[in-house]
Amino acid sequence: MYPLNRNRRLRSSSSMRNLLQEYHLTPNDFIVPLFVVEGKKLKEAIPSMPGYFRLSLDLIASKAVSLWKQDLKAVLLFVKVAQELKDNTGNEAINPNGLMQKAIKTIKNAVPEMIVMTDVALDPYSSFGHDGIVKEGKIVNDPTLAVLSEMALSHAQAGADVIAPSDMMDGRVLAIRNQLEEAHFHDTIIMSYSAKYASAFYGPFRDALDSAPGFGDKKTYQMDFGNRGEALIEIQHDIKEGADIIMVKPGLAYLDIIRDLKNTIQTPIAAYQVSGEYAMLKAASAQGWVDHDQLMLEQLLCFKRAGAQLIATYFAEEAVKLI
Ligand code: PBG
């Protein structure tokens, strides 16, 4: 009680504040998303993601080397698939010589210790832009599981360390885990996008990969952002089905979900600060309305405070330069 308690005492100098700070950022917090495109020497700008690029395989190798030098130890791969390779069942997704499979090998050759994570969902491969197979205007769950698990296995065979299913089909973690076990990939990690909400924050990402849904939206499989308890149900299922790490997505507007999970489970939690969050900070700071670096570091640290152990973020490289 005032004046016996003066809370400002502990904030009186920067040394004191440093001593007492509970959460910190380190390069080990970050997962770097990378967009891969077919071709040579291509560094393609993404208009809605200023400062972020799609890179061809040759540039992906040098990117991995440069990330490693900055102490960044994990990448999460996404591919932009040529229109003529897209179909309803994601045949190209399981091509052992597909772009994703080549990208995994390229990075593992360039930097063997780099943790390579891969997105597993049909959307970049789907002629409908959906995460699962479409039948009569519906995204069908069970037939999709077979393709997703084949896809996961082909990533593991190419050398991926972590499979990250982002599709939100029911039972995908179990299907993938069984497939990996059968093929003796006992050590492949599954990082499940367990609490993934149907969100308008993904807009710029869909520009980057040309993967926007061709009809309707993703609300029959991704979660309703009006719900909180559902996130717990999803993660409990995924953990039982064999997920090693679970993910909450989008990030900043969903910190309550991260904290709910952190208070309930011991499984490591990853957060995904998604493309729309990146675009918003880039746009506002370009106008001079907010301080880019300060706000970036504040947001990233808030993920840690909420309970995330890992943060997938397009800001990783910019952040490590400042911490
Ligand atoms: C694919 C996938 C998406 C993102 C990651 N994996 C898009 C979507 O579900 O529509 C979004 C990432 C971002 O916005 O940065 N299923």
Side-chain angles (χ1 to χ4, degrees), residues 30-36 46-54 74-81 86 90 92-93 99-100 103 117-126 128-134 139 141 144-145 147-148 151-152 155 160 162-169 172-173 176 190-225 234 245-254 270-283 299-300 303 310-316:
F30 300 125
I31 300 169
V32 185
L34 292 178
F35 298 129
V36 191
I46 304 160
S48 50
M49 298 182 72
Y52 227 78
F53 300 90
R54 281 184 297 258
V75 293
L76 176 56
L77 304 184
F78 298 94
V79 289
K80 181 168 189 258
V81 180
K86 297 187 183 188
E92 179 60 18
L99 186 54
M100 176 62 97
M117 307 180 165
T118 60
D119 190 75
V120 168
L122 292 192
D123 53 336
Y125 298 94
S126 160
F128 291 106
H130 275 290
D131 291 26
I133 296 172
V134 176
I139 291 74
N141 197 86
T144 301
L145 300 184
V147 194
L148 293 175
M151 186 176 177
H155 294 180
V162 179
I163 302 300
S166 71
D167 53 284
M168 290 300 280
M169 298 299 124
R172 78 269 168 75
V173 174
I176 292 171
I190 299 179
M191 176 171 77
S192 171
Y193 290 67
S194 301
K196 176 169 178 179
Y197 286 85
S199 170
F201 279 112
Y202 308 147
F205 172 97
R206 294 175 187 170
D207 295 342
L209 294 189
D210 181 26
S211 63
F215 69 89
D217 52 36
K218 299 195 175 184
K219 290 183 180 172
T220 65
Y221 44 108
Q222 299 179 349
M223 287 166 53
D224 180 343
F225 52 77
E234 284 285 353
I245 302 173
I246 55 112
M247 186 185 263
V248 175
K249 181 182 171 194
L252 209 60
Y254 296 75
Y272 199 143
Q273 186 186 40
V274 299
S275 57
E277 304 178 59
Y278 176 84
M280 279 163 47
L281 179 46
K282 289 294 173 193
Q299 294 190 0
L300 292 170
F303 282 106
L310 287 169
I311 310 163
T313 172
Y314 303 99
F315 289 116

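When a ligand or atom number is given, it counts from 1 through the structure's own listing order.
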- Identify the closest protein heavy atom to atom 1 (C) of ligand 1: which residue and atom is it, and at what distance?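 Nearest neighbour among protein heavy atoms for atom 1 (C) of ligand 1, to 0.1 Å: Asp123 OD2, 2.9 Å.
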
- Message: Please list the nearest protein heavy atom to atom 11 (C) of ligand 1 with its residue and the distance rounded to 0.1 Å.
- Response: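 Looking only at protein heavy atoms, the one closest to atom 11 (C) of ligand 1 is Lys249 NZ, 3.0 Å.
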
For [X], take its heavy atoms, then give the atoms of ligand 1 lying under 4.0 Å from any of them.
{"X": "Asp119", "result": "1 (C), 6 (N)"}
{"X": "Tyr272", "result": "12 (C), 15 (O)"}
{"X": "Ala121", "result": "16 (N)"}
{"X": "Ser166", "result": "1 (C), 2 (C), 6 (N), 16 (N)"}

- Message: Does Phe201 form a side chain to side chain contact (heavy atoms under 4.5 Å, CB included) with Met280? I'd like the steps, not just the answer.
- Response: CA-CA 9 Å; Phe201 279 112; Met280 279 163 47; 3.6 Å; yes

- Do Lys196 and ligand 1 have an N or O pair less than 3.5 Å apart?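 Yes, since at least one N or O of Lys196 sits under 3.5 Å from an N or O of ligand 1.
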
- Contacts of type side-chain hydrogen bond (donor to acceptor under 3.5 Å, both in side chains), residue Gln299, not counting sequence neighbours: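 With neighbours one apart ignored, the set is Gln273.
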
- Return the option from Asp217, Asp131, Leu209 holding the heavy atom at the smallest distance from atom 16 (N) of ligand 1.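 Checking each option, the heavy atom nearest atom 16 (N) of ligand 1 is found in Asp131.
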
- Message: Please compare Tyr314, Phe205, Phe201 and report which has the shortest non-hydrogen distance to atom 15 (O) of ligand 1.
- Response: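 Checking each option, the heavy atom nearest atom 15 (O) of ligand 1 is found in Tyr314.
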
- For ligand 1, indicate whether the residue Asp167 contacts it via side chain, backbone, both or neither (heavy-atom separation under 4.0 Å).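 No part of Asp167 is near ligand 1 at this cut-off.
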
- Short side-chain donor-acceptor distance under 3.5 Å, Arg172 and Thr144: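 No, no side-chain donor-acceptor contact under 3.5 Å.
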
- Task: Measure across Ser211 and Pro124 and return the closest heavy-atom pair with its distance rounded to 0.1 Å.
- Result: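 Closest approach of Ser211 to Pro124, heavy atoms only: CB-CA, 4.2 Å.
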
- Message: Between Asp210 and Lys86, does any side-chain N to carboxylate O distance fall below 4.0 Å?
- Response: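 Looking at Lys86 together with Asp210, the answer is yes, because their closest N to O distance falls below 4.0 Å.
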
